[in-house]
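To start, the structure under review is shown below, and the notes come after it.
Residues take their numbers from the sequence shown, with the count starting at 1.
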Amino acid sequence: MAFRCQRDSYAREFTTTVVSCRPAELQTEGSNGKKVLSGFHVVLEDTLLFPEGGGQPDDHGTINDISVLRVTRRGEQADHFTQTPLDPGSQVLVRVDWERRFDHMQQHSGQHLITAVADHLFKLKTTSWELGRFRSAIELDTPSMTTEQVAAIEQSVNEKIRDRLPVNVRELSLDDPEVEQVRGRGLPDDHAGPVRVVSIKGVDSNMCCGTHVSNLSDLQVIKILGTEKGKKNKTNLIFLAGNRVLKWMERSHGTEKALTALLKCGAEDHVEAVKKLQNSTKILQKNNLNLLRDLAVHIAHSLRNSPDWGGVVVLHRVAEVLEGKGAGKKGRFQGKATKMSRRTEVQALLQDYITTQSTKE
């Protein structure tokens with residue numbers, strides 16, 4: 001069956017009944033590494049929270065103000081992971097994190113539109129896609145794309161957004177002949193019930209389980225950021241849709257203002273100003289290296305002529321004892337050490353080595 005979130009992607013809350021609640025665990029991964037949370041899998045008669053699938057992440061939300069940390073599909077049911085149990089048979093109020101939901105709707109419908117246009121204009125087939133946290137990527141079955149192709153796709157999709165084309169969702173029985181005419185990459189092995197078809201009027205019809213806008217005007221705008229090399233001679237088309245474009249513009253404008261203040265020039269001169277700074281830095285680094293070499297020679301002569309000269313001069317040592325990493329070349333050793341507290345031990349080893357060599361001679 002289709003969940004409430006699939007029948008009405010714009011619904012933000014509704015009341016349903018708890019079917020079951022069983023102990024479960026959820027593995028999470030954060031800045032402190034992997035962590036296993038103990039909790040419960042709650043099954044509802046119907047759900048407003050989309051379970052992960054079709055390249056779209058799951059919804060966030062609450063059940064009776066209890067946070068739902070993960071939603072996954074299991075056959076015709078959805079498991080809602082919570083850390084508080086809920087009584088089977090009880091009535092509950094389900095609310096969706098609307099900002100996250102609408103963002104996913106914009107990105108997913110945007111993907112359908114780009115996929116259809118890329119196929120129509122250049123016969124470029126979509127093999128997979130990823131709705132990322134900050135940007136999304138469509139994998140196209142081509143080793144490369146030209147700048148002109150990317151520009152043409154972006155222009156076409158935004159024209160269709162301005163045309164306010166409707167987006168419709170239908171459910172077809174599995175034996176409906178129309179199913180064979182609909183674009184898609186096949187159904188999951190555990191699929192049950194009708195086939196859900198998402199159509200953009202006059203543009204595309206595609207089997208899909210995700211949540212979508214009802215009109216392309218809700219996408220606002222699509223910005224294609226460029227392409228990246230994909231796997232096995234594929235190309236990833238990187239894009240933003242809707243509110244993500246506005247957030248990207250805000251970040252970019254903030255960066256531009258900061259660079260204008262630092263570089264003391266207008267945005268149109270930023271690149272040239274950075275190039276000049278890079279050239280100046282290279283010259284300074286070269287001069288600094290020459291000075292350090294001259295200083296090293298001077299210090300070496302001074303130490304060699306010191307009355308305390310004993311055959312070994314210790315300034316910087318990189319060795320196994322010091323837990324150092326580096327390499328030797330032309331009689332010199334350069335690297336970094338993390339155990340400088342053992343330098344006395346290293347000096348003693350070197351002195352012993354010099355003494356041993358002198359005795360042999």
Side-chain angles (χ1 to χ4, degrees), residues 1-30 32-109 131 133 167-174 187-198 207-214 218 243:
M1 76 171 196
F3 298 119
R4 175 65 185 274
C5 57
Q6 296 170 311
R7 300 194 304 273
D8 181 5
S9 297
Y10 287 82
R12 303 192 187 192
E13 65 177 54
F14 90 129
T15 301
T16 187
T17 303
V18 177
V19 173
S20 64
C21 179
R22 56 188 175 85
E25 291 184 340
L26 175 66
Q27 183 171 295
T28 62
E29 189 168 356
N32 296 324
K34 293 182 180 180
K35 184 178 180 181
V36 177
L37 301 178
S38 296
F40 304 87
H41 271 157
V42 178
V43 175
L44 307 175
E45 280 189 356
D46 200 352
T47 185
L48 197 65
L49 305 182
F50 178 75
E52 181 180 22
Q56 180 177 323
D58 59 343
D59 281 335
H60 289 174
T62 59
I63 303 175
N64 278 0
D65 294 325
I66 297 169
S67 295
V68 177
L69 305 182
R70 186 76 188 277
V71 190
T72 52
R73 188 175 67 87
R74 181 164 52 89
E76 294 185 326
Q77 297 180 327
D79 288 330
H80 305 73
F81 184 88
T82 68
Q83 291 189 283
T84 302
L86 290 159
D87 295 328
S90 62
Q91 294 286 301
V92 291
L93 178 64
V94 183
R95 289 193 177 99
V96 67
D97 178 341
W98 175 248
E99 182 177 357
R100 177 181 170 91
R101 156 70 67 76
F102 190 58
D103 172 59
H104 290 176
M105 289 164 61
Q106 288 184 319
Q107 309 317 308
H108 204 158
S109 296
L131 199 168
R133 184 178 176 186
V167 180
N168 299 310
V169 179
R170 295 175 298 145
E171 292 184 3
L172 304 177
S173 62
L174 196 57
L187 295 169
D189 294 336
D190 61 350
H191 174 80
V195 177
R196 191 165 178 267
V197 177
V198 178
M207 286 187 287
C208 182
C209 65
T211 55
H212 289 271
V213 299
S214 61
D218 274 351
N243 291 335

### Message
Main chain of Cys208, side chain of Arg196: is a donor-acceptor contact present, judged purely on distance under 3.5 Å?
### Response
yes

### Message
Does any part of the side chain of Phe14, heavy atoms only, come nearer than 4.5 Å to the side chain of Asp8, both counted from C-beta?
### Response
no

### Straight-line distance of Thr47 OG1 to Gln77 CD, nearest 0.5 Å
11.5 Å

### Message
Testing His80, His60, Glu52 one by one against Arg70 for a side chain to side chain contact (heavy atoms under 4.5 Å, CB included), which residue passes?
### Response
Glu52

### Query
Taking side chain as C-beta onward, heavy atoms only, is Val18 less than 4.5 Å from Asp87?
no

### Query
So does Gln91 have more than 12 non-hydrogen atoms from other groups sitting under 6.0 Å from CD?
yes

#### Entry: Nearest non-hydrogen partners of Cys5 and Arg101, listed with the distance
CB-NH2, 3.3 Å

#### Entry: Interatomic distance, Thr82 atom OG1 to Ile63 atom CD1 [nearest 0.5 angstrom]
6.5 Å

#### Entry: Considering all heavy atoms, the nearest Phe50-Val71 contact
O-CB, 3.9 Å

### Query
Would you say Thr16 and Val92 make side-chain contact, with heavy atoms under 4.5 Å?
yes

### Task
Evaluate salt bridge (Lys or Arg N to Asp or Glu O under 4.0 Å) for Asp46 paired with Arg4, printing each intermediate quantity in order.
CA-CA 6 Å; Asp46 200 352; Arg4 175 65 185 274; over 6 Å; no

### Message
Less than 4.5 Å apart, side chain to side chain, heavy atoms only: is that true for Cys209 and Arg73?
### Response
no

### Message
Has Gln83 got a side-chain atom pairing as donor or acceptor with Leu37's backbone, closer than 3.5 angstrom?
### Response
no

### Task
Among Leu49, Asp97, Val68, Leu48, find the residue that satisfies the side chain to side chain contact (heavy atoms under 4.5 Å, CB included) test when tested with Asp59.
Leu49

## Note on the structure
In this structure, CD of Glu45 is separated from CZ of Phe3 (nearest 0.5 Å) by 13.0 Å

### Message
Within the 4.5 Å heavy-atom criterion, are His41 and Phe81 side-chain neighbours or not?
### Response
yes

### Query
How long is the gap from CG on Asn64 to CZ on Arg95, to the nearest 0.5 Å?
9.0 Å

### Query
Looking only at side chains, do His212 and Ser109 share a donor and an acceptor under 3.5 Å apart?
yes

### Which atom of Pro88 lies closest to which atom of Cys21, heavy atoms considered
CG-N, 4.2 Å

#### Entry: From CG (Leu26) to OG1 (Thr72), nearest 0.5 Å
9.0 Å

### Query
Thr211 pairs by side chain to side chain donor-acceptor pair (under 3.5 Å) with which of Gln6, His108, Gln56, His104?
Gln56

### Task
Could you tell me whether the side chain of Tyr10 reaches within less than 4.5 Å of the side chain of Asp218, counting heavy atoms only?
yes

#### Entry: Approximate separation, where rounding is to 0.5 Å, of Asp58 CG and Arg100 CZ
5.5 Å

### Message
Within the 4.5 Å heavy-atom criterion, are Asp103 and Arg133 side-chain neighbours or not?
### Response
no

#### Entry: Side chain proximity check, Arg22 to Val43, heavy atoms < 4.5 angstrom
no

### Task
Without swapping roles, check the side chain of Arg7 against the backbone of Ala2 for a donor-acceptor pair under 3.5 Å.
yes

